[in-house]
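Written out below as structure tokens is the structure these notes cover.
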Amino acid sequence: MAHSIGSLVLRLIWALLTVIVGLWLIVEPHNGTLTLTLILGIYFLFMGLTRIAVAFAGRGQQGAGLVGLSGVCGLLIGILVLAKFPARRTGQSASWWA
């Protein structure tokens with residue numbers, strides 16, 4: 001019973017956070033897209049680094065090379081997103097990559 005209550009609480013917190021972020025995107029679309037771009041870039045960096053680490057840990061196992069390749073691609077995408085992050089340029093929106 002305690003497991004289901006904890007799961008319910010986490011789902012409610014996630015739903016509340018989603019509503020808050022959605023409302024913020026409606027009220028402040030420019031700042032919201034900048035923030036989402038930053039979060040996406042950081043996500044790709046960490047995802048790439050994690051997959052590279054997993055690939056090194058699983059060397060010799062089937063599919064480890066593909067996991068490593070996926071990590072390198074994620075790392076490169078994260079670097080590209082953050083290198084072109086619009087906050088460093090004046091008057092540019094976060095939709096530069098779309």
Side-chain angles (χ1 to χ4, degrees):
M1 182 80 176
H3 178 67
S4 63
I5 292 174
S7 176
L8 177 66
V9 170
L10 285 176
R11 288 180 185 186
L12 288 174
I13 290 171
W14 185 254
L16 180 64
L17 181 64
T18 303
V19 168
I20 290 170
V21 169
L23 289 174
W24 186 51
L25 282 172
I26 291 170
V27 174
E28 293 284 339
H30 180 69
N31 291 334
T33 53
L34 288 175
T35 303
L36 287 176
T37 302
L38 179 64
I39 290 171
L40 185 66
I42 292 170
Y43 167 78
F44 276 117
L45 278 178
F46 283 123
M47 185 242 350
L49 290 172
T50 302
R51 287 187 179 175
I52 291 170
V54 167
F56 274 115
R59 282 181 303 213
Q61 294 183 1
Q62 183 177 358
L66 291 176
V67 172
L69 179 63
S70 171
V72 169
C73 291
L75 189 64
L76 289 174
I77 291 171
I79 290 169
L80 287 173
V81 168
L82 294 177
K84 298 281 188 175
F85 189 65
R88 296 184 184 165
R89 296 181 182 190
T90 57
Q92 195 177 31
S93 73
S95 61
W96 56 266
W97 60 274

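Side chains included, hydrogens not; waters and symmetry mates left out as well; all remaining heavy atoms used.
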Problem set entry | Pairwise side-chain hydrogen bond (donor to acceptor under 3.5 Å, both in side chains) hits with a residue in residues 68-81, at least two apart | R51-S70

For this session: Any pair with a residue in residues 11-26 that passes side-chain hydrogen bond (donor to acceptor under 3.5 Å, both in side chains), sequence neighbours left out, goes on the list, sorted by first then second residue, please.
Result: none

Using side-chain contact (heavy atoms from CB on, under 4.5 Å) as the criterion, list what pairs up with [X], not counting sequence neighbours.
X   : value
L25 : V21, L36
L76 : V72
L75 : L45, L49, I52, I79

Exercise. How far does CD1 of I13 sit from CG of L16, to the nearest 0.5 angstrom?
Worked result: 8.5 Å

Problem set entry | Pairwise distance CZ(R59) to CD(Q61) - rounded to 0.5 angstrom | 11.0 Å

Problem set entry | Nonpolar side-chain network containing L10, other nodes, edges under 4.5 Å | none

Seminar exercise, completed: Heavy-atom nearest pair, G58 first then A64, reads O-CB, 3.2 Å

Problem set entry | Cluster check L69, I77: I/L/V/M/F/W/Y, side chain < 4.5 angstrom | no

Exercise. Are F56 and F46 connected in the hydrophobic side-chain network, where two residues link if heavy atoms are under 4.5 Å apart?
Worked result: yes

